[in-house]
Amino acid sequence: MNISEIEKKWQKKWQEDKLYSFDKNNLDKKYYLLEMFSYPSGSNLHLGHWFNYSLSDSFGRFKRMQGYNLFHPVGFDAFGLPAENYALKTGIHPKTSTEKNIAIMERQLKNMGTTYDWDYEIATCKENYYKWTQWLFLKLYEKGLAYQKFAPVNWCTHCNTVLANEQVVQGFCERCKHEVVKKNMTQWFFKITDYAEELLANLDKLDWPEKTKIAQKNWIGKSEGAEVDFYTENNEKITIFTSRIDTIFGVSYIVLAPEHELTLKITTKERLPLVQEYIYQASKKDEITRQSTTEEKTGVFTGAYAINPATNKKVPIYIADYVLSTYATGAVMGVPAHDERDYAFAKKYNLDILQVIDSQGSAIPFCEYGKLVNSNEFDGLDSKCAKSKIIEKLQAQGFARRKINYKLRDWSVSRQRYWGCPIPIIYCEHCGVVPVPYENLPIILPEDVDFTPDGTSPLAKHNGYLTTTCPHCHKPAKRDVDTLDTFVCSSWYYLRYPNAKNFDVAFDKEFTNKVLPVDKYVGGMEHATGHLLYSRFITKFLRDIGYLNFDEPFKSLVHQGLILGTDGQKMSKSRGNTINLDNFIELFGSDCLRLYLAFGFNYLEGGPWNENGIKSISKFLERVERLILKYDYKSKRTVFENTSAENELEYVLNNTIKECTDNMESFAFNSAVARIMELVNAIYKYELQENKNLYLIEECNKVVLKLLSPFTPHFCEELWQNIGENYSIHNQQYPTYDKTKLVKSQIEIVAQVNSKIITRLNINPNLTAEQVKEIALAQDKIKNAIANKQIVKAIYIPNSLINLIIK
RNA sequence: GCCGAAGUGGUGGAAUGGCAGACGCGUCGGACUCAAAAUCCGAUGUUGGCAACAACGUGCGGGUUCAAGUCCCGCCUUCGGCACCA
């Protein structure tokens with residue numbers, strides 16, 4: 001078989017016939033399969049792409065054969081920094097290089113032999129896409145969920161742009177690994193925090209990996225507690241947040257964040273210089289050292305005191321940079337006996353340590369729940385009960401209320417870069433912030449822009465873009481010169497696919513509500529707290545404004561594993577451990593690589609690349625080809641009486657179908673292929689019979705081809721044609737199994753005495769436990785093992801074993 | 001520090017609490033061949049034994065169970081994620 005020839009031949013034919021077209025008029029049994037779209041980088045598809053896309057494609061083919069109307073679109077996340085950086089280096093415009101790269105990837109994805117329906121292709125940098133990203137921005141603005149704020153933002157010193165919290169990795173830029181600092185700027189934010197509770201609560205409904213749900217849960221960071229007002233001697237109100245109000249009788253000090261609005265106001269005159277110096281030092285500290293848990297806790301006394309409303313005792317007020325101004329109220333109560341940080345702080349500054357939870361002899365700080373002590377009328381209550389009682393009392397006095405806080409921050413979306421979606425906002429001296437009217441969309445990203453990074457937005461330097469007229473008063477006005485975070489583009493792309501060619505709306509409500517949600521979403525774990533969270537937020541928002549009738553975009557999610565270099569390290573150009581696939585594909589073909597990737601790795605785990613097996617897959621395919629082409633499928637066969645050999649083959653046949661179906665469903669592709677190999681082996685074995693049922697062999701062979709066709713689509717299509725079957729194998733029904741063939745008349749089970757294997761028995765599986773026990777007891781080996789001991793118990797597990805317990 | 005995942009032959013990897021190592025690779029043996037390759041058949045966890053067989057065996061130490069790779073407790077190692085969140 002000339003591999004490259006037949007692969008090209010069938011790809012062409014499939015495309016001409018639109019074999020994999022989505023039938024948009026038949027949505028009752030649709031299946032929306034989606035891989036996270038990728039950034040069009042310049043080089044060829046790498047191993048990771050192949051692993052991800054080819055196997056997900058096999059899954060899609062499996063679903064098609066099960067009778068689903070498969071919607072399997074593809075597109076490109078085409079805005080972003082790499083193209084811009086590449087342009088700075090080479091002088092090639094981002095648009096040019098991106099378009100070229102998309103063309104390269106399109107060609108290669110087609111060469112892979114995928115089921116993509118190219119009629120629904122999208123690229124986020126195309127006007128017809130980003131027009132609707134701008135529409136989404138305006139909708140969010142209209143509903144008050146896109147807002148501007150002068151606030152400290154994460155600034156990457158290397159990329160010269162703002163980053164979202166989700167893009168900062170341990171104080172460094174996720175993309176370029178350079179330092180990220182805080183900078184005060186006016187920026188656009190999306191109010192994802194409005195959805196914190198639903199984003200958290202709905203996680204339970206999702207068929208997602210548990211670890212991903214936990215990652216989102218931790219990221220949202222819900223904390224239930226109470227706000228308590230402490231008043232200073234000058235009657236300034238300091239509101240603190242605590243999740244441990246049961247320890248309020250143990251408060252020995254209050255701490256404010258250095259940036260807290262009251263710090264300077266309450267500080268006494270003589271302490272002012274010290275406090276100011278501390279605030280200055282804290283502001284200079286970069287985010288990394290400030291966020292380090294190992295950093296020693298520092299602080300400074302303000303000279304002021306506050307009254308603990310529970311005890312009426314005076315406690316000193318400190319400021320310390322371990323308290324974050326961005327979380328809750330930016331003020332906390334210090335309970336050294338029951339909190340690690342407070343304990344360290346109290347030790348250092350010689351503050352009281354009052355135990356108010358019985359530690360049962362454990363050392364202080366004791367941070368668990370327990371029974372209250374030294375807490376007046378609450379003594380003896382357990383923490384949980386005391387919490388509500390204390391809140392109730394303080395609430396009645398007007399000092400406290402229940403409060404829930406989240407770690408989740410609003411999503412900052414302004415970027416001071418060129419290659420992104422322009423923000424459809426105009427600033428008018430008379431009218432203020434004016435959204436671009438919907439009918440004026442898209443705001444086109446101009447091409448003749450100097451985007452050398454200098455800390456300002458490149459679009460600010462483009463006069464034709466910057467200056468415009470106000471849509472209200474028609475006086476001269478200026479455009480917002482930032483572009484949107486590319487995660488905005490990708491937060492709704494799954495809605496656009498079914499509507500890729502729709503020029504009138506972002507998405508047609510009725511149609512989209514039928515095609516969505518995505519039934520199976522495949523992509524990397526690295527998006528757990530970024531893209532996957534943003535997309536859920538946007539879906540919920542669009543639902544709330546009446547555009548969608550579902551709550552969650554991705555019903556079921558799978559993370560593919562990572563293929564590592566042969567050294568077990570993550571593949572990267574700098575490590576020099578990347579794999580060039582061109583040779584393999586040329587030598588063995590795309591089918592062979594696809595099958596090898598399916599068989600050689602656990603899809604959900606990945607692992608180090610190892611090319612040893614690829615040749616064996618090629619041999620396996622040749623073995624299949626020899627087997628298939630040995631028979632004349634059109635000649636008449638006579639009736640054949642089954643002997644045990646036929647029964648055995650039929651058993652393997654049906655068992656293979658059953659196991660294969662289950663394995664495909666759970667992305668256990670390696671096991672699915674193993675089962676197919678077993679069937680092939682069984683057919684070869686059966687062939688050695690003198691008297692054989694050719695019809696049965698031919699039926700088995702056809703099943704082999706069908707089961708294998710999701711993995712090696714060209715190869716199977718070719719053989720399907722060669723044996724005279726009708727085009728196309730990919731439109732065949734996935735094989736189903738006959739339960740009755742899985743019932744054996746004799747099975748081998750294990751006979752144990754005291755859980756130790758003594759012998760094996762061939763029995764009829766329908767026998768009762770008592771009958772099996774008798775058979776076991778008749779065996780000499782069993783008799784010897786039992787000797788003259790007493791049988792106290794017999795455990796019979798049908799199809800598996802009998803275990804006799806003796807004493 | 002916290003959260004999560006993983007640790008199984010020479011090797012990639014399988015195992016709803018029920019015969020560990022499916023299926024491959026590799027290795028060894030046989031058939032075919034003048035020979036080699038390819039192909040087909042078979043063996044292959046370790047140790048001891050000619051063998052039947054026996055003992056041991058899923059990172060380490062305990063436990064639950066008739067039965068543990070799988071469940072529980074305590075560690076070690078590796079890889080991810082989060083990191084002063086009151």
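Note that the structure is a prediction, hence the values are computed from the model and not measured. Every heavy atom of this structure was used, including side-chain atoms; hydrogens, water molecules and symmetry mates were not.
In this structure, A:Y322 has its ring center under 6.0 Å from that of A:F345.
The phosphate of B:A14 (OP1 or OP2) has a side-chain N or O of A:N670 nearer than 4.0 angstrom. Remark: A:K756 is in phosphate contact with B:A55, judged by side-chain N or O atoms under 4.0 Å from OP1 or OP2. Within the structure, every side-chain polar atom (N or O) of A:N803 is placed at least 4.0 Å from both OP1 and OP2 of B:U65. Between A:R675 and the phosphate of B:A14, there is no side-chain N or O to OP1/OP2 separation shorter than 4.0 Å. OP1 or OP2 of B:A14 lies within a sub-4.0 Å distance of a side-chain N or O belonging to A:N602. OP1 or OP2 of B:C40 lies within a sub-4.0 Å distance of a side-chain N or O belonging to A:R623. Contact check, A:S671 against B:A22: no side-chain N or O comes under 4.0 Å of OP1 or OP2.
Only the C1' atoms considered, B:A67 is 36 Å distant from B:C2, to the nearest whole Å. Across B:G21 and B:G12, the matching C1' atoms stand 13 Å from one another, rounded to whole Å. Straight-line distance between the C1' atoms of B:G74 and B:G9: roughly 28 Å, to the nearest whole Å. Nucleotides B:C72 and B:C82 place their P atoms 27 Å apart, quoted to the nearest Å. Comparing the C1' positions of B:U70 and B:A5 gives a spacing of 16 Å, expressed to the nearest Å. Nucleotides B:A43 and B:C23, compared at atom P, are 11 Å apart to the nearest Å. Rounded to a whole angstrom, the distance from the P atom of B:U77 to that of B:U27 is 37 Å. B:U44 and B:C25 have their C1' atoms separated by 13 Å, given to the nearest Å.
Base pairing of B:A36: no nucleotide in any strand meets the Watson-Crick or G-U wobble criterion (both distances under 3.5 Å). B:G7: Watson-Crick or G-U partner is B:C76, with both key distances under 3.5 Å. Of the nucleotides present, none pairs with B:A68 by Watson-Crick or G-U wobble criteria with both distances under 3.5 Å. In this structure, B:A20 forms no base pair with any nucleotide, since neither Watson-Crick nor G-U wobble geometry is met with both distances under 3.5 Å. Nucleotide B:U47 is matched to B:A54 when pairs are restricted to Watson-Crick or G-U wobble geometry with both distances under 3.5 angstrom. If you check B:C28 for Watson-Crick or wobble pairing at under 3.5 angstrom, you find it paired to B:G42. The partner of B:C2 is B:G81, by the rule that a Watson-Crick or G-U pair needs both atom distances under 3.5 Å.
Among B:G12, B:C19, B:C84, the nucleotide with an atom closest to any side-chain atom of A:K297 is B:C84. Each of B:C19, B:G18, B:C25 was ranked by its minimum atom distance to the side chain of A:S800; first place goes to B:G18. For A:W219, taking side-chain heavy atoms from C-beta onward, the closest of the listed nucleotides B:C82, B:G12, B:A86 is B:C82. Here B:G18 is the nucleotide among B:A83, B:G24, B:G18 with the atom lying nearest to any side-chain atom of A:Q752. Of all nucleotides listed (B:C41, B:A67, B:A86), B:A67 comes nearest to the side chain of A:S755. Comparing B:A22, B:A20, B:A86 by their nearest atom to the side chain of A:I757 picks out B:A20.
When all heavy atoms of A:V180 and A:C173 are compared, the pair lying nearest together is CG2-N, 3.3 Å. Annotation for A:P258 and A:V323: closest pair CD-O, 4.1 Å, computed over non-hydrogen atoms. Scanning all heavy atoms of the two residues, the minimum distance from A:P209 to A:L557 falls at CD-O, 3.3 Å.
Nucleic acid contact class of A:G600 (heavy atoms, under 4.0 Å, all strands): sugar-phosphate only. Residue A:N681 is classed as a sugar-phosphate contact, given heavy-atom separations below 4.0 Å to backbone atoms only. Among the protein residues, A:E210 comes within range of no part of the nucleic acid, since none of its heavy atoms lies under 4.0 Å from any strand. A:I805 comes within 4.0 angstrom of sugar-phosphate atoms only, judged by non-hydrogen atoms across all strands, and of no base. As judged by a 4.0 angstrom heavy-atom cut-off over every strand, A:L801 is placed among the base-contacting residues. Base engagement by A:I795 is indicated by at least one non-hydrogen atom pair under 4.0 Å involving a base atom. Within the 4.0 angstrom heavy-atom criterion, no nucleotide atom of any strand lies near A:G299. No engagement by A:K615 is indicated, since no non-hydrogen atom pair under 4.0 Å with the nucleic acid exists.
Judged by closest nucleotide on RNA chain B, A:R626 is the one of A:D342 and A:R626 placed further toward the 5' end. Residue order along RNA chain B, read from the 5' end via each residue's closest nucleotide, puts A:P608 first among A:P608 and A:N754.
The distance from atom CD of A:E605 to atom P of B:C79 is 16 Å, rounded to the nearest whole Å. Rounding to whole angstrom units, CD1 of residue A:I317 and C1' of B:A86 are separated by 17 Å. A straight line from CD of A:E659 to P of B:A15 spans 10 Å, rounded to a whole angstrom. Straight-line distance from the CD1 atom of A:I797 to the C1' atom of B:U16: 13 Å, rounded to whole Å. The CD1-P distance, from A:I676 to B:C23, rounds to 15 Å in whole Å.
Between A:H338 and A:Q355 the shortest side-chain heavy-atom distance falls below 4.5 Å.
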- Task: Begin with the C-alpha distance, continue with both residues' side-chain angles, and end with the deciding distance and a verdict on ring-ring contact (aromatic ring centres under 6.0 Å, His included) for A:F399 and A:F230.
- Result: CA-CA 8 Å; A:F399 286 112; A:F230 284 63; 8.9 Å; no

- Task: Could you check A:F667 against A:F669 for ring-ring contact (aromatic ring centres under 6.0 Å, His included), going step by step and ending with a plain yes or no?
- Result: CA-CA 5 Å; A:F667 281 69; A:F669 303 122; 5.3 Å; yes

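Glycosidic conformation, B:G12: anti, with the torsion outside 90° of 0.
More than 12 heavy atoms of other residues, nucleotides or ligands sit less than 6.0 Å from atom CD of A:Q746.
Side-chain N/O atoms of A:K211 and base N/O atoms of B:C3 include no donor-acceptor pair closer than 3.5 Å.
Residues from residues 326-335 of chain A lying near RNA chain B, meaning a heavy-atom separation below 4.0 Å, are A:Y327, A:V332 in numerical order.
Checking A:N803 against A:S755 by side-chain atom types alone, a donor-acceptor pair falls below 3.5 Å.
A cation-pi arrangement is not found for A:K403 relative to A:F241, the charged atom failing to lie both closer than 6.0 Å to the ring centre and inside a 45° cone about the ring normal.
Aromatic ring orientation, A:Y349 versus A:Y318: tilted (interplanar angle from 30° to 60°).
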